[in-house]
Amino acid sequence: MQRAGLSWPKIMLWAAIMVAALGFLYLVRSILMPFVLAFIISVLLEPTIQKLRRRGVSQGMAIALVFILFFGSLTVVGALVTPMATTQLRNFSSNLQTLTNQLAESESQSVFERWNPVERATQTATVNPIDRMLEQFREPLGRVGVPANRRALVQQYIEPHRERIANGVKTFFNSFFSILLSAGSQFFMLLFTPVFVFLMLRDFEQMRIRSATYIPTSIRAETLALIREIGQVFISYLRGVTISVSVYTAIVTVTLSIMGVPYAILLALLAGALYMIPWLGFFIALGSVFLVTGLTGATGNWFMHMADPWMFAAVCAGVYTAVFFVYDNFVNPRLIGRSVGLSILVSMFVVFSGAALFGIAGMILAFPVAGSIKVILNRVLKFTSSTSTSDLRLPVTPLRHRTSGEI
């Protein structure tokens, strides 16, 4: 039974135009970064503007106040953080080759130094804490063939792969910082972001009204209902994720700086970028904190000092782990609220897919887009798997069994 007023040629034409528009956006994705950022910022600021309007503030004044306050604060924070981050990035890039060369080299002591009686007496007198810990588990480690000695572990498991590990560390950090540099290469386009934000905030209501008129009248009510449901998932999750990642990056920056971790700002940016990748992001950030701290030879900060840099690296990694679990279990759920209901495997696939297609912006938008697609699929599957006669719009009494008065 064809629904009244339903014009399939017009709907197909409208669908074709939408597909063509999405295809065009994909072709020009290289210039979408400022528009995506402007949309995210507008979504974050729009509820505050609505609150001010409900209190009697005019729309223009509310937009101006929120706009100036947000970008003013952002300018102050950027002026304080950018020079330090730039200095750390420059120093890290210049020292990365040295660090990987040190990792690729053998142990600093030659065989003659290791067998020097004075050196051996010093090693015997000062037992490394890692050796002491391994000694406590000598029997269970021996049963699985793992040596209970730090030097033996290094010689057996690290020395044969030292150059490969060094190249892997170098490749990983070069890849991450190339993403930052590529984002910085779009600095000219990013300068237009505040302008786009102001225009979006000014025309938010008109954009909602105007966009509804682009939908064919025969499917307008159902489409607007679906868009509202998708928009609620998209905007709520996007707002929560953006705030959560920003707060998490700031907390990690302060924590690593207090601990005296080298390149604290860069490592915090890495941790923030990887935070929404379930578990894998945490382990990558944790390994980065441990490796960078240990390889740079840092042994302490203003309130603690250790003899071995790797012990200090382990302490810093432990502090980062504690911060992550406290934030992930107590702060993040309050900021994001209900999740989109994706499993860990699907979440990882979604994030990697977004990063592969659109870079950092794709990672940020991956979860809300996936949640929106899930809403659409739930509606489609509910319709296609339904057996209710009301959903199928079938008559209660078949036509052939009706009397003349019922027709």
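Just so it is clear, the model here is predicted, and its values are computed rather than measured. Atoms considered below: every heavy atom in the structure, side chains included; atoms not considered: hydrogens, waters and symmetry mates.
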Out of curiosity, L280 CG to L274 CG, how far, rounded to the nearest 0.5 Å?
8.0 Å
Quick one: does I17's side chain get under 4.5 Å of L13's, heavy atoms only?
yes
State the CE-CG distance between M200 and L45, to the nearest 0.5 angstrom.
12.0 Å
Check the pair T249 / V245 against side-chain contact (heavy atoms from CB on, under 4.5 Å), numbers first and verdict last.
CA-CA 6 Å; T249 304; V245 171; 4.0 Å; yes
Testing the basics here: between L25 and L32, what is the closest heavy-atom pair and its distance to 0.1 Å?
O-CD1, 3.4 Å
In terms of relative ring orientation, are Y320 and F282 parallel, tilted or perpendicular, with 30° and 60° separating the classes?
parallel
Are more than 12 heavy atoms from other residues, nucleotides or ligands located less than 6.0 Å from atom CZ of F325?
yes
Any side-chain heavy-atom pair of T87 and M84 under 4.5 Å:
no
Nearest heavy-atom approach of M259 to C316 is CE-SG, 4.0 Å
Output, in order, the C-alpha distance, side-chain angles, deciding distance and verdict of side-chain contact (heavy atoms from CB on, under 4.5 Å) for F70 and L44.
CA-CA 10 Å; F70 176 80; L44 292 173; 5.5 Å; no
Rounded to the nearest 0.5 Å, how far does OG of S288 lie from CG of L267?
6.5 Å
Over all heavy atoms of both residues, which pair between F312 and N301 is shortest? Give the atoms and the distance, please.
CE1-ND2, 3.8 Å
Taking the six-membered ring for Trp, are F67 and F71 ring centroids under 6.0 Å apart?
yes
Assess the side chains of Y327 and S244: does a donor N or O sit below 3.5 Å from an acceptor N or O?
yes
Does any N or O in the side chain of D203 come within less than 3.5 Å of the main-chain N or O of Q206, such that one atom is a donor and the other an acceptor?
no
Distance (rounded to the nearest 0.5 Å) between T253 OG1 and L269 CG:
6.0 Å
What is the minimum heavy-atom distance between L256 and A268, and which atoms define it?
CD1-N, 4.3 Å
Just checking F303: does its CZ atom have more than 12 heavy atoms from other residues, nucleotides or ligands closer to it than 6.0 angstrom?
yes
Given side-chain contact (heavy atoms from CB on, under 4.5 Å), test M311 with T299 step by step and report yes or no.
CA-CA 8 Å; M311 284 301 300; T299 57; over 6 Å; no
Calculate, to the nearest 0.5 Å, the distance between atoms OH and CZ belonging to Y248 and F324 respectively.
5.5 Å
Over 12 non-hydrogen atoms of neighbours within 6.0 angstrom of CE in M61
no
Give a yes-or-no answer on whether the side chains of D328 and Y275 include a donor-acceptor pair shorter than 3.5 Å.
yes
Specify the closest pair of heavy atoms between P47 and V43, including all atoms of both residues, with the distance to one decimal.
CD-O, 3.2 Å
Just how far is it from atom OG of S42 to atom CD1 of I49, taken to the nearest 0.5 Å?
8.0 Å
Taking Q59 for its side chain and R53 for its backbone only, find out whether a donor-acceptor pair lies under 3.5 Å.
no
Would a 4.5 Å heavy-atom cut-off, applied to side chains only, mark V261 and V292 as touching?
no
F39 and F196: CA distance, side-chain angles, deciding distance, side-chain contact (heavy atoms from CB on, under 4.5 Å) verdict
CA-CA 8 Å; F39 176 74; F196 298 153; over 6 Å; no
On a heavy-atom basis, the closest approach of P262 and A298 is CG-CB, 4.1 Å
Could you check whether any side-chain N or O of T296 sits under 3.5 Å from a backbone N or O of T293, counting only pairs where one atom can act as donor and the other as acceptor?
yes
